[in-house]
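These notes concern the structure reproduced below.
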Amino acid sequence: IGFVDHDIGMRYIAGDSDGYSDSAKTALKSKKIFEKNNMLIGYCGSFRLGQLLEYVIDFPRKLKSKDELAYLVQEVVPTIRNCFNESSDMEHETFSFLFVMESGAMFELENNYQIMAHDRPYVAIGSGRDVADGYCYSVLKHEKENDGLKLHKRNEDFLEEAIRCASQFVPSVGGRVDVLSSNIKE
């Protein structure tokens with residue numbers, strides 16, 4: 001889940017830590033979220049592709065004058081695609097990546113390489129996305145209707161609870177919740 005709190009100038013990304021296959025659920029030591037080139041990045045689906053994204057792919061630096069969507073479409077996606085094409089048997093892998101940019105903009109990359117720009121302050125990906133998005137919507141709506149009265153003291157707790165909520169309804173979500181945060185740079 002990505003979350004942007006413009007009121008305090010912070011951006012967040014959170015992810016669960018379970019791996020899931022057709023027949024097993026495994027608690028993972030590794031994280032499904034990381035920071036790279038001033039982007040907070042999360043992934044779901046293929047762990048191999050997520051590892052390539054985190055440890056192998058070198059993204060070109062973003063020019064300050066370049067629009068973030070243009071940067072992702074023109075620089076990042078072709079770099080990802082080239083790496084995945086060079087890796088053997090990646091054509092059958094499914095994935096979704098979430099990019100929380102340093103401005104706070106959020107973009108999702110699906111396995112057909114389309115980029116979706118999101119306009120909400122929260123975006124979930126993966127098998128628990130509908131439940132987590134519903135939780136985020138409900139909590140933020142409640143806070144807005146109650147003069148900003150926060151249901152969670154920290155945004156990290158808000159994101160953890162959204163993932164815990166998803167884990168109650170989606171068998172492939174669970175385990176430790178990891179959260180990364182950094183300042184928004186406008």
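Keep in mind that this is a model prediction, so the values were computed, not measured.
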Point to revise | From I115 atom CD1 to E108 atom CD, the distance as rounded to the nearest 0.5 Å | key: 9.0 Å

Check your understanding: Looking at CD1 of I1 and CD1 of I163, how far apart are the two atoms once the value is rounded to the nearest 0.5 Å?
Key ->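 Those atoms lie 4.5 Å apart.
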
[X]: side chain to side chain contact (heavy atoms under 4.5 Å, CB included) partners, not counting sequence neighbours:
| X | answer |
| --- | --- |
| A70 | K66, D67, Q74 |
| D130 | none |
| P121 | F3, L140 |
| K185 | N38, E102 |

Using the test side chain to side chain donor-acceptor pair (under 3.5 Å), find all partners of [X] that sit at least two apart in sequence or belong to another chain.
| X | value |
| --- | --- |
| S167 | none |
| E68 | S103 |
| D58 | none |
| R164 | none |

On a heavy-atom basis, which atom in [X] and which in [Y] lie closest, and how many Å separate them?
| X | Y | result |
| --- | --- | --- |
| G175 | S17 | C-OG, 3.4 Å |
| G42 | I125 | O-CD1, 3.9 Å |
| F47 | G19 | CZ-CA, 3.6 Å |
| I33 | A14 | CG2-C, 3.9 Å |

Check your understanding: Does atom CG of N146 have more than 12 heavy-atom neighbours from other groups under 6.0 Å away?
Key -> yes

Exercise for review: Give a yes or no on whether R61 atom CZ has more than 12 heavy-atom contacts from other residues, nucleotides or ligands under 6.0 Å away.
Suggested key: no

**Study point:** Where at least one partner belongs to residues 98-137, residue pairs that pass ring pair (Phe, Tyr, Trp, His ring centres under 6.0 Å), sequence neighbours excluded
**Key:**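 Passing the test, one end in residues 98-137: F95-Y113.
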
Practice item. Name all pairs fulfilling the side chain to side chain donor-acceptor pair (under 3.5 Å) condition that reach into residues 3-14, sequence neighbours left out, sorted by first residue then second. Key: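 Residue pairs passing side chain to side chain donor-acceptor pair (under 3.5 Å), neighbours aside: D5-N155, R11-S182, Y12-N155.
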
Exercise for review: Scan for side chain to side chain donor-acceptor pair (under 3.5 Å) pairs involving residues 26-37, sequence neighbours excluded, and state none if there are none.
Suggested key: D16-K32

**Study point:** Verdict with reasoning, I41 to L53, per side chain to side chain contact (heavy atoms under 4.5 Å, CB included)
**Key:** CA-CA 9 Å; I41 303 172; L53 187 65; 3.7 Å; yes

Practice item. List, by chain and number, the other hydrophobic cluster members for M116, where Ile, Leu, Val, Met, Phe, Trp and Tyr join if side-chain heavy atoms come within less than 4.5 Å, directly or indirectly. Key: none

